[in-house]
Number of protein chains: 2
Amino acid sequence: MNRLAEDDPREILKTYVSRHGLKFTRQRELIADVFFNSQGHLRVEDLLESVRAIDPQVSLATVYRTMKLLTECGLASPHRFGDGHTRYEPAETKEEHHDHLICTACGRIVEFLNEEIEELQHRVAAENGFVVTNHRMELYGLCKRCHGQLDQ
Amino acid sequence: MNRLAEDDPREILKTYVSRHGLKFTRQRELIADVFFNSQGHLRVEDLLESVRAIDPQVSLATVYRTMKLLTECGLASPHRFGDGHTRYEPAETKEEHHDHLICTACGRIVEFLNEEIEELQHRVAAENGFVVTNHRMELYGLCKRCHGQLDQ
DNA sequence: ATGACTGCAAACCATTTGCATTGAT
DNA sequence: ATCAATGCAAATGGTTTGCAGTCAT
C-alpha cells in the first residue's frame, strides 16, 4: 500500500523530464496528478474537464502533449476501443498485463488477466516466425447488467 | 474451388441491394469486384487507386460509401491496426474467424487461427458476466525477416 | 538569460455529408 | 418517371502544429 519514491509516477516523470532537458511545469504536474488519481480509460476531453475544475486556463493542446509525454516515459498507455476516442490508462508492467472486456450497450470497460491466453499468443506468434513486442485483445459484447435488461 | 452462386459475393450484394430498394450501380459492381479480387487489408485509398485504374471517374466518397455498404451486408469487415487507416478485408464466417500478427517494421500482416484462444476468451468473458459478440486480437512485433535483419 | 512550454487559433487528415446532377429500376 | 447513387466540394471531429508570449531552469 505504501508507495516508494521510485514507484511514484510523479517522481518518475520528474526524473524523466529533467534527464531530457525538459521542464516540470505546473500544467504537467496537474495533468499527471489528475490522471494518476483517476479510474483510467479516460479520453483527453475527460481529463481536460477534470483538470479545468482545478485550473480553468489549461488548454486541450497541453493535455494532448502531456499525455504523449507520459506515454513516452512509460507511465501511460493509449487505447482505442473503436469509438473514435483515444483513452489513456496508467501503464502496466509486463508482469501485470491485462486486456479488456467492453460492453457495447453501456460502454462499461472491465479489465482481465489471463496467463494462458498470453502464453498461447506467444506460441502462435512463434509458429509464424514472429517475436511479439505487444498486443491488444478486446472482447466486445454485453455485460451482465445489459444482457439481463435485453431479456424479457 | 468451384464457387456456387449463393456464395458469390457479387450475387449476395445484388440480392441485398435489390431487397433493400437500392441499386446495383456500375461503381458498386466495380468496387466490389476489385475488393474481392484483392489480397485484403486494403485501405480505402488503395481500393480507390485500383478502381481508378479501371474507371478514373470513381470518387473517394463512393468507395467509402460502398465499403460501408459491403460491411452492412456482411461481405466486408473493417480493421484498424493503429496507423490511422481503416483497412477492409473480406468478411469471415463464424467458423473461420482469424486474428492478426502485424510486423511493426515492415507492416506485413499475417492471419492466424487458434481455437484454444477463442475458447479461453469466451470462458474469461463468461467469468466476468459478459456475452461476447465479437473481439479483436492483434499481436504486434517483428516478423522473421525483420527480426533477422536487426540481428547482427 | 535561455530555450522549453503554454494557449490560441489554424492546420491536418481520414472520413462524412449536402447538394445538384446522373442513372438504375 | 422515380428516387437512390454519384461526384464534387465543403464540413466534421479528433488530434497536431506554428507562433508569440510565458515560465522553469
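Predicted model only: the values in this text are computed from it and were never measured. So that the names make sense, note that chain A is the first sequence line, chain B the second, and so on, each numbered from 1.
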In chain order, what residues pass the ring pair (Phe, Tyr, Trp, His ring centres under 6.0 Å) check against His20(B), with sequence neighbours excluded?
-> Tyr16(B)
With Thr25(A), which residues qualify under side-chain contact (heavy atoms from CB on, under 4.5 Å), at least two apart?
-> Lys23(A), Gln27(A), Arg28(A)
5' to 3' contact window, DNA chain D with chain B (heavy-atom distance under 4.0 Å) = dC3(D) to dC8(D)
Partners of Thr62(B) by side chain to side chain donor-acceptor pair (under 3.5 Å), sequence neighbours excluded?
-> Ser59(B)
ring-ring contact (aromatic ring centres under 6.0 Å, His included) contacts touching residues 102-137 of chain A (sequence neighbours left out) = His97(A)-His135(A)
Under the ring pair (Phe, Tyr, Trp, His ring centres under 6.0 Å) rule, collect the residues that match up with His41(B), sequence neighbours excluded.
-> His100(B)
Salt bridge Arg136(A)-Glu138(A), side-chain N to carboxylate O under 4.0 Å = yes
Would you mind checking if Arg26(A) and Asp55(A) are paired as a salt bridge, meaning a charged N to carboxylate O distance below 4.0 Å?
-> yes
Flag if over 12 foreign heavy atoms under 6.0 Å of CD, Glu49(B) | no
Does anything in residues 74-89 of chain B reach DNA chain C, meaning a heavy atom under 4.0 Å, and if so which residues?
-> Gly84(B), His85(B), Thr86(B)
Side-chain heavy atoms under 4.5 angstrom apart, residues restricted to Ile, Leu, Val, Met, Phe, Trp, Tyr: same cluster for Phe81(B) and Val110(B)?
-> no
Those residues that, when tested against His85(B), pass ring pair (Phe, Tyr, Trp, His ring centres under 6.0 Å) (two or more places apart) = none
Identify, with sequence neighbours excluded, every residue that meets side chain to side chain donor-acceptor pair (under 3.5 Å) alongside Asn134(B).
-> none
Degree of bending in the helix from dA1(C)-dT25(D) to dT25(C)-dA1(D) once both end axes are built from five pairs, to 10° = 30°
Can you sort out the partners of Glu45(B) under side chain to side chain donor-acceptor pair (under 3.5 Å), two or more places apart, ordered by chain and number?
-> none
Under 3.5 Å, which protein N or O atoms sit close to an N or O of nucleotides 4-11 of chain C? Give each pair with its distance.
residue : atom : partner  : partner atom : Å
dC5(C)  : OP1  : Lys23(A) : N            : 3.3
dC5(C)  : OP1  : Arg28(A) : NH1          : 2.4
dC5(C)  : OP1  : Arg28(A) : NH2          : 3.0
dT6(C)  : OP1  : Thr25(A) : OG1          : 2.8
dT6(C)  : O3'  : Gln27(A) : NE2          : 2.8
dG7(C)  : OP1  : Gln57(A) : O            : 3.1
dG7(C)  : OP2  : Ser59(A) : N            : 3.0
dG7(C)  : OP2  : Ser59(A) : OG           : 3.0
dG7(C)  : OP2  : Thr62(A) : OG1          : 2.4
dG7(C)  : N7   : Arg65(A) : NH2          : 2.9
dG7(C)  : O6   : Arg65(A) : NH2          : 3.3

